[in-house]
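Encoded as structure tokens, the structure appears first; notes follow it.
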There are 2 protein chains.
Amino acid sequence: MGQQKTAPENGTRESERRRTILRAAIDVFARKGYHGCRIADVAKEAGVAYGLVYHYFKNKDELLETVFETGWSGFIARARAVAESEGPLVEKVHRIADVAFEAYRVDPRAVKVLILEIARSPAGARINRQTAFVDVIRLSAQMFTRAKEAGELRPDVDPLLASALLFGSIEMGLTAFVVGLADARDTAMLERAKAQIADSFLHGVLLSPAKEEAPQLQDEAPLKREKAAPRARAPKRG
Amino acid sequence: MGQQKTAPENGTRESERRRTILRAAIDVFARKGYHGCRIADVAKEAGVAYGLVYHYFKNKDELLETVFETGWSGFIARARAVAESEGPLVEKVHRIADVAFEAYRVDPRAVKVLILEIARSPAGARINRQTAFVDVIRLSAQMFTRAKEAGELRPDVDPLLASALLFGSIEMGLTAFVVGLADARDTAMLERAKAQIADSFLHGVLLSPAKEEAPQLQDEAPLKREKAAPRARAPKRG
DNA sequence: TGGCTGGCTGATTCTTGAATCAACCAGCCG
DNA sequence: CGGCTGGTTGATTCAAGAATCAGCCAGCCA
């Protein structure tokens with residue numbers, strides 16, 4: 001975007017302050033929502049003077065926009081890498097789910113903001129939001145198109161829609177955690193959810209008669225359990 | 001004065017004004033978003049004086065809340081009816097998709113507001129939003145639990161998550177239209193999308209070797225076509 | 001030491017838009 | 001007819017909070 005702007009990110013010291021503020025913004029946005037918070041809140045959270053926020057960011061919008069770009073660009077880059085890589089579709093789908101859930105594991109707040117404040121919302125800002133959003137869908141739609149040509153997909157499946165469904169599943173799966181429907185504490189659960197999303201998407205949820213190829217069919221352990229006996233440690237994606 | 005209520009909906013004449021305003025609110029919200037519009041916009045859209053909005057609604061929040069309740073209660077009632085009915089899971093899933101897409105067909109704007117402004121957004125109001133949202137998930141989770149007991153579900157599928165995925169798919173499918181990724185004009189497309197969502201959810205997207213039971217496997221016609229040569233009229237699922 | 005620079009401060013100003021309210025205008029009843 | 005009622009009007013009031021700006025202070029160079 002336009003340089004000559006607000007943020008001199010050349011050095012490293014200055015950036016530190018800037019990052020502090022950005023971090024605070026993410027946390028506050030996650031807690032109270034973009035519209036529900038004041039710049040003052042962000043400043044306070046960052047332990048910084050009100051005015052300084054405006055020293056580093058042109059305005060409130062730019063703040064959100066930056067949060068968006070920071071978080072989203074990382075995600076989309078990884079997603080693109082997967083989508084454009086070689087290999088069987090099954091694997092790619094799993095890896096995309098990996099990317100999303102890993103992002104959540106690393107920084108749930110940021111993901112929350114991305115999901116709750118940015119992904120939707122027709123509103124205001126010039127932000128690409130929708131554009132960006134649409135981009136991923138298109139991106140993975142291409143992946144599905146190629147997979148279809150390779151005969152990996154059922155012939156009656158539309159790539160674009162399949163793409164929407166995959167991300168819809170992932171997003172809603174994450175939302176379940178974000179919203180507290182499922183307990184986000186337990187890493188094992190996240191791991192299970194991730195696997196299940198990919199599997200369900202690929203194989204469906206039905207108990208179909210023939211299922212020789214379905215991968216991990218360990219019997220279910222409930223998604224939301226009491227206090228989680230200290231058992232399964234997540235495989236840590238290795 | 002002091003009729004401690006805002007809306008006297010006993011008669012029918014008064015209600016008409018009220019409904020005009022509500023309608024306008026939906027349209028404006030859909031166009032500019034809740035936060036992006038002023039009460040003045042709603043009033044203008046309704047062709048009504050600014051103050052009148054406050055005669056029928058306590059405040060802006062109540063306006064949104066009403067939009068929400070109006071739209072959502074209808075949807076959830078139908079969804080519940082389906083979820084609690086008797087019959088095979090396959091059919092129920094299809095019918096739930098029906099309900100959602102029918103709602104969209106009847107009033108896309110309202111659905112847009114529901115999806116974009118209400119389902120997410122931690123924001124302000126006391127509205128149940130999340131609660132309500134969570135309710136549907138729980139509701140259908142029960143449906144899946146029962147289906148699982150009846151042996152209709154793969155044993156490794158978590159009902160709660162399955163529920164989230166179903167609605168995630170539906171929502172994202174609709175979002176594709178809302179956002180303009182897919183062309184919402186063509187009824188046939190909506191019909192196809194609807195069927196595909198349910199099918200993908202149930203059977204997965206993979207071209208699995210054994211597929212004797214998969215229902216409608218007509219080969220795909222693209223979701224987004226040019227001007228739609230006047231050919232395939234949707235089978236209307238009968 | 002003294003003056004200069006630039007990150008930093010936070011009270012002050014300015015804007016926006018929600019909410020109020022006094023007056024208006026039918027129709028209606030006595 | 002004249003006064004009452006209740007829907008309707010829109011200018012006015014008011015609060016919230018975004019954005020500004022006049023300076024402060026720490027470090028640095030002369």
Side-chain angles (χ1 to χ4, degrees), chain A residues 2 4-25 28-29 31-67 117 123-127, chain B residues 1-25 28-29 31-67 117 121-127:
Chain A
Q4 88 254 62
K5 272 293 141 82
T6 343
E9 69 226 59
N10 36 13
T12 315
R13 288 302 258 353
E14 312 124 285
S15 296
E16 194 161 328
R17 283 294 203 161
R18 190 186 146 94
R19 249 182 292 146
T20 304
I21 293 172
L22 211 49
R23 182 70 246 164
V28 175
F29 288 170
R31 194 168 345 114
K32 314 171 74 165
Y34 178 71
H35 289 288
C37 77
R38 331 281 131 230
I39 289 289
D41 298 332
V42 175
K44 187 184 294 179
E45 175 84 19
V48 138
Y50 186 101
L52 196 59
V53 175
Y54 283 90
H55 184 249
Y56 286 110
F57 301 90
K58 187 153 101 284
N59 53 35
K60 201 182 173 189
D61 254 30
E62 188 179 289
L63 198 48
L64 183 61
E65 192 169 343
T66 305
V67 169
E117 299 294 329
R126 79 218 73 285
I127 300 191
Chain B
M1 288 303 147
Q3 70 289 44
Q4 85 262 44
K5 279 282 110 159
T6 341
E9 70 226 58
N10 36 12
T12 315
R13 288 302 260 352
E14 311 124 287
S15 295
E16 194 161 326
R17 282 294 202 161
R18 189 185 147 97
R19 250 182 290 146
T20 304
I21 293 173
L22 211 49
R23 182 70 247 163
V28 175
F29 288 169
R31 192 167 347 113
K32 315 171 72 164
Y34 178 71
H35 289 287
C37 78
R38 331 281 132 230
I39 289 290
D41 298 332
V42 174
K44 186 184 295 179
E45 174 85 19
V48 138
Y50 185 101
L52 197 60
V53 175
Y54 283 90
H55 184 248
Y56 286 109
F57 301 91
K58 187 152 101 286
N59 53 35
K60 201 183 173 188
D61 255 30
E62 189 181 287
L63 198 48
L64 182 62
E65 192 169 344
T66 305
V67 169
E117 297 295 328
S121 172
R126 79 220 72 284
I127 300 193

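Scope of the values below: all heavy atoms of this structure, side chains included, with no hydrogens, waters or symmetry mates. Keep in mind that this is a model prediction, so the values were computed, not measured. Every chain is numbered from 1 and lettered A, B, ... according to where its sequence line falls, protein lines coming before strand lines.
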To the nearest Å, how far apart are Leu63(A) CG and dA19(D) P? 10 Å
How many whole angstroms separate atom OH of Tyr54(B) from atom P of dG7(D)? 19 Å
Which atom of Val42(A) lies closest to which atom of Val28(A), heavy atoms considered: CA-CG2, 4.2 Å
Between C1' on dA18(D) and NE2 on His35(B), what's the gap in Å once rounded to a whole number? 16 Å
The side chain of Asn59(B) is closest to which nucleotide in this list: dA19(C), dG10(D), dA19(D)? dA19(C)
Taking only N and O in the side chain of Arg17(B), is any of them less than 4.0 Å away from OP1 or OP2 of dT8(D)? yes
How long is the line joining NZ of Lys44(B) and P of dT8(D), in whole Å? 20 Å
Where does the angle between the aromatic ring planes of Phe29(A) and Tyr34(A) fall among parallel (under 30°), tilted (30 to 60°) and perpendicular (over 60°)? perpendicular
Side-chain N or O of His55(B) versus OP1/OP2 of dT8(D): is the shortest distance under 4.0 Å? no
What is the separation between atom CG on Leu52(A) and atom C1' on dG23(D), rounded to the nearest whole Å? 15 Å
Figure out the NZ/P separation between Lys58(A) and dT20(D), and round it to whole Å. 10 Å
Taking OP1 and OP2 of dA18(D), is either one under 4.0 Å from a side-chain nitrogen or oxygen of Arg38(A)? yes
Terminal axis angle for the helix from dT1(C)-dA30(D) to dG30(C)-dC1(D), five pairs an end, nearest 10 degrees: 30°
All side chain to side chain contact (heavy atoms under 4.5 Å, CB included) counterparts of Ala40(A), not counting sequence neighbours: Arg38(A), Tyr50(A)
Do Leu22(B) and Tyr56(B) have side chains that get closer than 4.5 Å, going by heavy atoms? no
Select one nucleotide: of dT8(D), dT9(D), dA18(C), the one nearest the side-chain heavy atoms of Tyr50(B). dA18(C)
Test item: Arg31(B) and Glu45(B) side chains (from C-beta on) under 4.5 Å apart, heavy atoms: yes
What is the distance, rounded to the nearest whole Å, between atom OH of Tyr56(B) and atom C1' of dG6(D)? 10 Å
Rounded off to whole Å, could you give me the CG-to-C1' distance for the Leu64(B) and dA18(C) pair? 15 Å
Quick one, Glu62(B) and Asn59(B) - any side-chain contact, counting heavy atoms below 4.5 Å? yes
Checking Val48(B) against His55(B) for the side chain to side chain contact (heavy atoms under 4.5 Å, CB included) test, could you report, in this order, the C-alpha distance in whole Å, the side-chain angles of both residues, the deciding distance, and whether it holds? CA-CA 11 Å; Val48(B) 138; His55(B) 184 248; over 6 Å; no
Could you tell me whether Ile39(B) contacts a base, only the sugar-phosphate backbone, or nothing, with contacts defined as non-hydrogen atoms closer than 4.0 Å? sugar-phosphate
